[in-house]
Amino acid sequence: MKNSQSAAVIGVGSTAFGNFPEEDATTLGIAALHSALQDAGLQMQDIDGLILHRVADYQRFVRTTGLQPRFMNTVPGQGRMTGVAIQAAASAILSGAAKTIALVHGNDGRSVGARYGGLTDRYGTGAEQLWFPYGMTSPGAVNALQFQRHMKKYGTTSEQLAAVAVAFRKHAGLNPLAVMQKPITVEDHQNSRFICEPLHLLDYCLINDGGVAMILTSAERARDAKQPAAYLRGFAMASRLSEGEFSDDFGRECMRKVADDVFAMAGVGPEDINALMIYDNFSPSVMFNLEGYGFCPVGESGRWIQDGRLELTGQYPTNTNGGHLSESYMQGWSLNVEAVRQIRADCGARQVPDAHFVQYLSGGPISTSIIYGSQPV
Amino acid sequence: MSELKTLQPVVDALSRPFWQAARAHHLVLPRCEGCQTLRAHFERWCAVCGDEHFQWERLSGRGKVWSHCIFHRIYFPSSDLKVPYNVAVVALEEGPRLISNIVGIDSQFIEIDMPVIVHFEDMTEEISLVKFKPLHFSV
Ligand SMILES: [Zn+2]
């Protein structure tokens with residue numbers, strides 16, 4: 001693959017994360033875009049492509065930013081679509097459909113009281129008939145049911161799972177943007193109340209308001225960029241939506257396909273990856289991703305994640321911004337931004353030394369992965 | 001419409017035979033005429049072969065717990081569901097899986113692979129919910 005054939009991130013931006021009732025998804029997204037433009041040293045008129053995620057009002061967005069996109073799309077507001085959106089942008093750049101694309105996520109989930117679960121949540125096949133009458137709802141419960149099987153099948157324990165939340169909280173303590181910074185222990189995790197047993201409160205992500213934006217262009221144009229570029233050395237996707245929500249293999253076969261493709265495209269393997277950004281809507285998904293993408297042996301993630309392996313000094317520093325569990329649930333976007341910041345060596349106290357390859361993993365019913373590299377091919 | 005009412009299944013033309021059978025305490029699911037695949041949701045097309053023709057088939061009502069969890073958070077505040085309550089995925093003997101509740105056993109004692117059998121709970125004149133109870137215990 002030639003330089004001119006890869007895409008690169010040349011700007012990232014985000015707002016603060018928290019409770020901002022005076023804002024909405026559109027204004028948070030616009031603020032994040034301004035921040036990303038400033039980071040990239042670009043003007044609004046330099047953008048000719050736009051992909052919006054969870055921004056309800058694209059018309060107001062475009063009118064308020066004055067953008068004149070010749071490539072445009074909006075994707076459904078689920079986090080599984082984040083990798084899809086970034087890959088669509090990269091493909092559009094590679095095809096020449098656009099030169100410089102802004103990806104914008106605006107999220108007012110906290111101030112509007114977004115609930116994952118309940119009557120307004122249509123998550124689940126035929127939820128109104130087959131889930132709600134039995135009290136079944138929420139992606140958290142789907143994770144709980146999967147984790148229960150992992151415990152039964154492999155002897156994994158909730159105490160082992162705690163290592164995920166503990167590691168990410170440690171990282172969050174080094175990230176001024178993170179909403180939760182106070183260190184936690186395994187005991188804190190165990191003592192936090194059950195939400196959907198076997199999952200505790202500290203296994204759940206933090207719903208907040210905020211905006212995140214990324215700016216992509218070609219590797220060729222990235223050479224003249226203000227910031228060091230993060231090159232999309234590999235990206236891939238597969239889907240198991242047709243199986244329904246409950247996968248017999250924790251989604252491994254689907255992730256395996258993505259892993260084969262993304263590593264082949266990037267020309268690297270798991271051993272070359274310096275840091276991981278794993279979609280952690282709930283802590284078990286981190287374990288399922290590690291097994292699915294081949295970072296740890298099948299069934300062994302409970303033991304494998306012990307002894308700080310996911311921490312900054314461990315073998316695979318993971319979610320160095322604190323992730324969705326401790327920074328904020330920005331649906332994968334701030335994980336991708338963190339990957340870029342690690343590649344740029346912009347992370348201060350939480351910087352992973354020599355971060356040349358950082359990989360985003362998302363292992364849900366749509367599985368996506370992106371490998372960011374510090375160098376073009 | 002109160003939330004309690006909306007927690008009742010929203011029956012439509014495609015699912016009506018399922019709920020009518022449930023009210024008569026029979027468990028039925030659609031089996032595709034094209035490829036014989038049994039499915040556990042109510043859509044016009046078979047997702048395996050695309051055929052629109054199917055027959056309602058009466059099932060044994062036997063299955064095993066595929067997984068289970070216990071809800072401690074209230075997601076349906078105006079319904080009469082009291083936390084904690086269990087939710088289970090039951091793998092039917094014939095293959096498909098249903099979301100349900102396991103009755104007749106303390107939630108703490110539910111186990112994966114536990115054999116269960118259907119137990120209909122009459123809710124209204126029209127609706128009986130399809131619940132399950134352990135095969136080897138009595139309710
Ligand atoms: Zn068929």
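Chain letters run A, B, ... following the sequence lines, proteins first and then strands; every chain starts at 1.
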Given that the side chain runs from C-beta out, which part of [X] has a heavy atom under 4.5 Å from chain A: side chain, backbone, both or neither?
X       : value
W19(B)  : side chain
Y85(B)  : side chain
I127(B) : neither
E111(B) : side chain
V83(B)  : neither

- First locate atom CG of N143(A), then atom SG of C69(B), and finally report the distance between them rounded to the nearest 0.5 Å.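 Going from the CG atom of N143(A) to the SG atom of C69(B) covers 11.0 Å.
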
- How long is the gap from CG on L81(B) to CZ on F132(A), to the nearest 0.5 Å?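 One gets 11.5 Å once the value is rounded to the nearest 0.5 Å.
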
For [X] versus [Y], what's the shortest heavy-atom pair and its separation?
X      : Y       : result
Y75(B) : S138(A) : OH-OG, 3.8 Å
S67(B) : L145(A) : OG-O, 2.6 Å
F71(B) : A141(A) : CZ-CB, 3.4 Å
R73(B) : L201(A) : NH2-CD1, 4.4 Å
H68(B) : Q148(A) : O-NE2, 2.7 Å
S15(B) : Q129(A) : OG-OE1, 2.8 Å

- Message: Does any backbone or side-chain atom of T137(A) lie under 4.5 Å from a heavy atom of chain B? Answer side chain, backbone, both or neither.
- Response: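 For T137(A), the contact with chain B is made by backbone and side chain together.
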
Can you confirm whether [X] is buried at [atom1], in the sense that more than 12 heavy atoms of other residues, nucleotides or ligands lie under 6.0 Å from that atom?
X       : atom1 : result
L241(A) : CG    : yes
Q160(A) : CD    : yes
K152(A) : NZ    : yes

- Would a distance-only check, ignoring hydrogens and angles, find a side-chain to backbone donor-acceptor pair under 3.5 Å from R193(A) to H72(B)?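 Side chain of R193(A) to backbone of H72(B): no pair is present.
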
- Item | Between W131(A), F194(A), F147(A), the one whose heavy-atom pairs under 4.5 Å with chain B are most numerous |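 Of the candidates given, the most pairs with chain B belong to F194(A).
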
- Are any of the side-chain heavy atoms of L130(A) and F42(B) separated by less than 4.5 Å?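 They are in side-chain contact.
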
